[in-house]
Structure formats: C-alpha cells, structure tokens
Amino acid sequence: MTLHDRPTRPATPTDLLEQLRGSVRDGFPAAVADLSRLVRIPSVSWDGFDPAHVLASADEVARLVRELGVFDEVLVDRVEIPGTGVLGQPAVLARREPRAGRPTVLLYAHHDVQPPGRDEDWSTPPFEPTVIGDRLYGRGAADDKAGVIAHVAAIRSLLETVGDPELGIVLFIEGEEEFGSRSFTALLEKHRELLAADVIVVADSDNWDARTPSLTVGLRGNAAFTLTISTLGHASHSGMFGGAAPDAMLAAIQLLATLHDADGSVAVEGLRSHDQEVPEYSEERLREEAALLEGVRPIGRGPVLSRLWAQPTVTVTGIDAPSVQNASNTLLPSVSVKISARVAPGQSAEEAFAAIRRHLEAHAPYGAHLSFGAVDLGNPFLVDTSAWAVDEALTAMREAWEADPVMVGVGGSIPFIAELKETFPEAHVLVTGVEDPDTRAHSPNESLHLGVLQRAILSEAVLLARLGGAVELSA
C-alpha cells in the first residue's frame, strides 16, 4: 500500500525545501534539549500520582509556545470532568488567526505520560532522558512529548524560513490523554471557537519503520471495563469445601477462556471485523517487533496486519487476587479482572461492549454472579483518504523523508479523534507520529529514534509551508 501511483500536488520548490531542511537540522539540538526538559517532568495523569507534575509540564509547554511569538493567545486551562465535580488535567491551547484567506491547521499532541512501572525494569531511569546510540530513552520521550516538540520545532523552522506565515495555527496540547481524556468533551465545548480549524494534525501515532513514514488512516476503538465474578458469600477453607463449592477463581478462569477460540481468535458473537487491504507483514517481523519467545506461536487468523488493525481483540489486562506469596488455602468468594477490548473500524464501541457483556453473562459457569464497572468506551476512526489535505501530508512526508509513505491502520485507539471530527465535521484529519517499531510506548525502556524525530519535524514544517501558500494548492 505504498503510494507510487497516487496523484500528488506540485512539489515544494527545491530552494524552500532545502532551506527548511537546513533550518530543522540546525535547530535540532535545541529541540532535543527542549524534549529532554519535558521528559524530566514526571507528568503522569493517572489517579494516585502527584498532579503538580502535570501542571508543571503544562507550564513548560506553555513557555515553549509563548517563546515562538506567533500566537495571539496562549493559555493553560482545566475544566471539570462532566458529572464529577473534579477538574481535569491542564491543557495548553493557543491560536493565531489566518490571513489572506489561508486555512487554519490545528496541531494536537499530549504532554501527559503513562506510569513508569517498576524502576528495575528500566535500563535507564524513566524520567532521566538518556541518549544511547541514535535513541533517546525515557517515559514520554516518544509518546507523546516528542509530538509536542515536533509541533514547536516545525513552527520554529517555518518562522525562520518563511517569516510570519499567513497560515492560521492552533495548538492543542492535552494533559490527560493517557488517562482517558475525561475532560476532553468539556474542553471542546468551552473552547470550540478557539479550536476551530480546516485541518487537524494529530501527532500521536507511529511510522512503518525508522526510515519510512506512515500516515495513519484507521484506528481501532476501545471498550474497557472491570468485571467481578462472585460465587460465595464469604471465603472458606479449600480443604473442607473444595470439590463441591465453586470458588470464584475457578469460575473466572473458565469464563475468561470462553472469550477466545483455540487459535486465539476472539470468539464473541457480535464483534465484527473491518474488511480492508493491508500491506505485507511477515510473521518473522511480528516475532521480532512483539518479542515473541522462542517456540511461542502467533494467535488469530488472516493476514497479520488484519489481526492488528482490522479485527477485534479482547485482553485481560489485570486481575485482583491474592499474590502467590500471600495465598492461603482458601476458596475465593470473588475475583475482579480488568478487560480491554479493541473495536474494529466500522463498529461502535457501545455495540461492541454490549456484545461482550452478553457473551459473558451467557457463559458464566456454575451460576456465578457478574457485575460490571468502570466502563470506558471510545469509538474507532477511519480517515477520509480522498481529502485534499491527505495529498498534502503525503507529499510533505515524501519530500522530508525521501521515501514513499505508507498509509496504515493502527491497532491502538485514539477515541477523541472521532469526537474532534464530530465537533468539526468539515475539517480534514491527519494522524501522524514520531514512533517506530522499537519505541515500546507505555512499556519500560520507551525510546525515541532521533532521526525519526528530525524527519517528523521537517515533514510537518513542509506541510505548514505548503498550507501557508508555498505551493499553490489549487494547482
């Protein structure tokens, strides 16, 4: 699914392209230094972590944005999470109005990060940015503080190369994407006029590899929830009642096993797949990139990328049960699990959750009681690849990376994109990113390929220059 035959806009003038390339190259050390300062701030947005760090991160982002000197308005804002009375995490918003009839582009990224996990699982301290070879290691080094810096550095390069642009530019740097974007809807409602744009660039995805750019055109949705399985009114001695009284762990194991067929494919009636062509991707590449242990077989059916992009998944991501060290000879009365499902494009998250719930209730063994909670739904998204802005993005990528871009799906979820599109239905959505197959986002030893970051900055700078009139878009 490369794009050799796809019609494209006229090329960016060679002199402008080389000026942008030189500007990005010369400014790259400063961009890495800015990113390193952000990585040192442990801006975990999850409950239980100090929210002062997220505020400090927002303030640092706002400082970088104000230093650009191009925005009419820059603010840090928090709004109430609907129905909770609790303020969400701080977002940074900025806007400059377009001139001479030029379009407005909204540049999105997020400055919050996932929890680091155990320090002993990291080769370097998670919040001490460390360069090893051509990679920068640290929590958020790629996801998504590099997206923040890609926007800032691209605007710097644009200002240095073409001067004050006629292009309208909006920055929306969110502060709680890793914790479900719970105040996102309220932010959109409050700042709808400020955020309105003709093109939306979401820099929160990945690339085909470290030398080949990707434009993400499909994202799975998500349906996450907790499930509690109960069989007894209280715990009992396993020697006295085991063999007659069903314990909750036995019921949980049997119930969860019904979610998949023998080959690991999802076995939930009502969950649908999306029919789409996918590029070639070998099982050997899957083994390497997913780190399958020797002898472990992949799961599922169909082309590998269909399984990753266009088919549903159901994953048990957590279990509340006694640890091995603290386990006693006891029949457990209740067991709680966290389930995370990915929803294929073309199906709503609400419909997918309803199908999973029906399946679990129909397969509960021994009459076990089930309760559901903490339901979090996010819809999938498909990009309109016929949009003129898609051609502009592909041309910018090809020129900046000197490689043909690949249009890809992504197995992960960015549910707010569907919400952005619903709020601004006429806007063209472009999903770009700074990750590569070795990034390990959300995992220990997350890292950023510095060459990818430099090319991502240049790609966005070229796109902004084109949208601002460097190339006549009507040609």
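Side chains included, hydrogens not; waters and symmetry mates left out as well; all remaining heavy atoms used.
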When you check the side-chain N and O atoms of [X] and [Y], is any donor under 3.5 Å from an acceptor?
X	Y	value
T432	E460	no
H442	D143	yes
S273	Q311	no
R342	S413	yes

Answer yes or no: is there an ion pair linking [X] with [Y], defined by an N-O contact shorter than 4.0 Å?
X	Y	value
K338	D376	no
R95	E73	no
R156	D34	yes

Here the gap from R40 atom CZ to E60 atom CD, rounded to the nearest 0.5 Å, amounts to 11.0 Å
Would you be so kind as to tabulate the donor-acceptor pairs closer than 3.5 Å made by side chains of residues 363-375, with sequence neighbours excluded?
unit_1	atom_1	unit_2	atom_2	d
H363	ND1	H359	O	2.8
Y366	OH	Q254	OE1	3.1
Y366	OH	Q254	NE2	2.8

Please find the pair of heavy atoms, one from S214 and one from N207, that lie closest to each other, and give the distance.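 Nearest heavy atoms, S214 then N207: N-OD1, 3.1 Å.
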Locate the shortest heavy-atom distance separating A321 from M249; write the atom from each residue and the value.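 Looks like CB-CE, 3.5 Å.
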What residue among I155, L171, I149 forms side-chain contact (heavy atoms from CB on, under 4.5 Å) with L64?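 Option passing the side-chain contact (heavy atoms from CB on, under 4.5 Å) with L64: I149.
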When V105, T104, L106, L467 are each screened for side-chain contact (heavy atoms from CB on, under 4.5 Å) with D198, the one that passes is T104
For W46 and F179, take the angle between the two ring planes, folded into 0 to 90°, and tell me which bin it lands in: parallel under 30, tilted 30 to 60, perpendicular over 60. tilted
Can you label the angle between the Y108 ring and the F416 ring as parallel, tilted or perpendicular, going by 30° and 60°? tilted
Is it the case that more than 12 heavy atoms not belonging to R440 sit under 6.0 Å from its CZ atom?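 No, not enclosed.
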Please indicate whether E80 has more than 12 foreign heavy atoms, meaning atoms of other residues, nucleotides or ligands, lying under 6.0 Å from its CD. yes
Between P415 and F184, is any pair of side-chain heavy atoms under 4.5 Å apart? no
